[in-house]
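Heads up, the thing below is written out as structure tokens.
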Amino acid sequence: MASGEFVLETDDLSKEFKGFFAVRGVNLRVRKGDVHALIGPNGAGKTTVFNLLTKFLTPTSGRILYKGEDITRTSPADIARKGMVRSFQISAVFPHLSLLENVRIALQRELGTSFHFWKSDASLAALNDRAEALLEAVGLTEFRSHMAGDLPYGRKRALEIATTLALDPEMLLLDEPTAGMTHEDIVRITDLIGKVAQNRTVLMVEHNLSVVSNLSNVITVLQRGEILAEGSYDEVSKMPEVISAYLGTGNG
Amino acid sequence: MIRILGLVVLVAAALAAPYFFYPIFLMKALCFALFACAFNLLLGYVGLLSFGHAAFLGTAAYITGHSMKVLGLPPELGILAGTAAAALVGLVFGWLAIRRQGIYFAMITLALSQMIFFYALQAPFTGGEDGIQAIPRGHLLGFIDLTSEIALYHFVLAIFVFGWLVIYRTIHSPFGQVLKAIRENEPRAISLGYRTDHYKLMAFVLSAALSGMAGSTKTLVFQLASLTDVHWHMSGEVVLMTLLGGMGTVFGPVVGAFLVVSIQNYLAQMGSWVTIIQGGIFVVCVLLFRRGIVGEVLALIRKLRERQARTG
């Protein structure tokens, strides 16, 4: 296996919760530049895999490699510093901070003054132009001084993406980016992810199959914690085992 | 304009106060106000409820008392020594407690502060049940005689203002911005690459050091360091002051501290009823005005402004 080709790999990854294997022996390969979707029926272990990859859970066994480097024991904050940034299923904003401040939080780490408690926060104004450019990219300029908590759900997700992009990550991990959104919001976010994915690698967990078919070129289907199938949307959607496990239930 | 005027009035009132009120009472209130502000830095801006802050107040009180009475240090160095000792204890406590959250964090800080209490009870230099008494106030910088209550008051006021400004700046700094992010959504802050434990520990040490500064100053005022300072009642009292005044506001803890100290002073003749009255006030506060006094006032102002913006 040529490590250069794959940005993220897992090696026999398993997670056991008191005798129950939520994830068992998963070998995932995410190729550089791909938009890779992880799908599967409820309880298939998608979110567990996701949390293992982002280090919010520790695997029972197996390894995780990012750009060929073993990151199985690396802390979640350090994963982000290496360029792999996640989103959350429930929108993750800082509700009592303004939109501008939300984006600035992501930008300010690179200033190296994040521990400077004696410095005025006026020094962060140097980041305003970049923060505003990011807000503009997701269509939130007019709300810049609103509190993030006051935004409707779809806009919160857009803000979250702007904040994530502020880190300029090489790899994005998106946990159900369109969950709970109205149709209009879904179209907007799908466009946005498509745009963002052009020079990045994306791995996403997603329920909405039209979003998956629009965006992703590789799909991995999970069932009961194991990989059931892998391939393009057209390939995967024709496999009988996938149809019975996933497409046949509730979506057919 | 209103802001500057308000500040001028506040400073004038603070400078004139000892001529109208009993200076010792004012100094006590200022010490507790600083203590509550330091506690609020942790509770209001990082979302960590420590139930062991007496340990920092008390440690600093004993170290200042000992270094001034036995080692003969001048007051400024005595206070520095106490503050440094509290910061050190804060570093150890914080390092042990910061990984836990919510009730577990509170319990660990309580347990650790009880260890300090029992140490203070047994250690020879603390004077056990008697405490360290008759600590000389000395001469500030060698020439300002602190036995004068007016001079001492202005020194205490200066320390309070310094401590309050440090806290104010911390809240309004790049570091404070990260703290607020952690308070609002810690997993998200982590996912943005912040090693949140480091920030929480830093805030914990700052809070401990400033609590220590309050304890050292209190020792100077009362010329006494005793077990009261390290008792868990003290840890509870600072929670009460902060919640009553309004946690997460810069003036709330000050108001809360003045209120609680006033109640204790003016109702002192009622003996143990004071505790019951305090408990009653706490219950009313939690039931009726959860944001605390200053918090409720700020919320009211915001609401009025919004209404004005809508109609105007």
Side-chain angles (χ1 to χ4, degrees), chain A residues 51 54-56 75-98 100-127 147-149 159-160 163-167 169 172-173 175, chain B residues 38 41-42 44-47 87 98-99 162-210 247-250 291 295 298-299 302 306 309:
Chain A
N51 282 331
T54 51
K55 320 313 313 266
F56 278 67
S75 77
D78 289 342
I79 298 282
R81 287 161 178 244
K82 289 182 194 294
M84 182 161 89
V85 180
R86 73 168 289 179
S87 74
F88 291 82
Q89 206 172 95
I90 308 156
S91 77
V93 296
F94 304 115
H96 294 100
L97 297 179
S98 74
L100 193 73
E101 286 174 315
N102 263 270
V103 179
R104 259 187 359 200
I105 293 279
L107 291 171
Q108 77 170 77
R109 189 163 50 82
E110 69 188 52
L111 284 184
T113 60
S114 293
F115 279 108
H116 292 192
F117 63 85
W118 55 88
K119 202 173 246 158
S120 164
D121 55 7
S123 66
L124 296 174
L127 301 169
M147 291 289 133
L159 173 62
E160 192 191 335
T163 310
T164 304
L165 290 181
L167 297 180
L172 281 173
L173 297 165
D175 193 2
Chain B
L41 177 63
L42 211 53
Y45 293 93
V46 200
I98 223 79
R99 279 157 249 247
F162 170 77
W164 188 86
L165 285 176
V166 168
I167 291 165
Y168 183 85
R169 177 36 68 83
T170 302
I171 294 163
H172 298 93
S173 74
F175 175 68
Q177 202 69 15
V178 179
L179 289 185
K180 280 176 220 164
I182 293 171
R183 177 193 66 188
E184 302 266 294
N185 192 335
E186 187 170 358
R188 181 54 170 165
I190 293 172
S191 83
L192 293 177
Y194 288 104
R195 295 171 181 135
T196 54
D197 282 354
H198 297 201
Y199 292 85
K200 283 157 71 179
L201 182 58
M202 177 85 153
F204 195 91
V205 172
L206 270 174
S207 174
L210 291 165
M247 74 171 205
T249 64
V250 287
R291 296 188 189 100
L298 287 177
R302 209 172 301 134
E306 264 167 31

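Throughout, a chain's letter reflects where its sequence line sits, starting with A, and its residues are numbered from 1. Quick caveat: nothing in here was measured; it's all calculated off a predicted structure.
Of the listed residues Val178(B), Leu165(B), Thr196(B), the one with more heavy-atom pairs under 4.5 angstrom with chain A than any other is Val178(B). Comparing Ile79(A), Thr163(A), Leu173(A), Thr54(A) by heavy-atom pairs within less than 4.5 Å of chain B, the highest count is held by Thr163(A). In terms of heavy-atom pairs under 4.5 angstrom with chain B, the leader among Glu101(A), Gln108(A), Arg86(A), Lys82(A) is Gln108(A).
Both the backbone and the side chain of Ile105(A) come within less than 4.5 Å of a heavy atom in chain B. Within the 4.5 angstrom heavy-atom criterion, only side-chain atoms of Leu124(A), from C-beta onward, approach chain B. Looking at Ser75(A), there are no atoms closer than 4.5 Å to chain B (heavy atoms on both sides), in backbone or side chain. Neither the backbone nor the side chain of Leu179(B) comes within less than 4.5 Å of any heavy atom in chain A. The contact between Thr113(A) and chain B is made by backbone and side chain atoms together, counting heavy-atom distances below 4.5 Å.
Counting heavy-atom neighbours within 6.0 Å of Arg81(A) CZ, excluding the residue itself, gives a total above 12.
Note: His172(B) and Tyr168(B) have tilted aromatic rings, judged against thresholds of 30 and 60 degrees for the angle between ring planes. In this pair, Tyr199(B) and Phe115(A) present their aromatic rings parallel. The plane angle is below 30°, not in the 30 to 60° band.
When all heavy atoms of Ser123(A) and Pro174(B) are compared, the closest pair comes out as OG-CG, 3.7 Å.
Once rounded to the nearest 0.5 Å, the distance linking CZ of Phe204(B) with CD1 of Ile98(B) reads 6.0 Å.
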Exercise for the section: Go through the steps to decide whether Val93(A) and Glu184(B) satisfy the test side-chain contact (heavy atoms from CB on, under 4.5 Å), and finish with yes or no. Expected result: CA-CA 8 Å; Val93(A) 296; Glu184(B) 302 266 294; over 6 Å; no
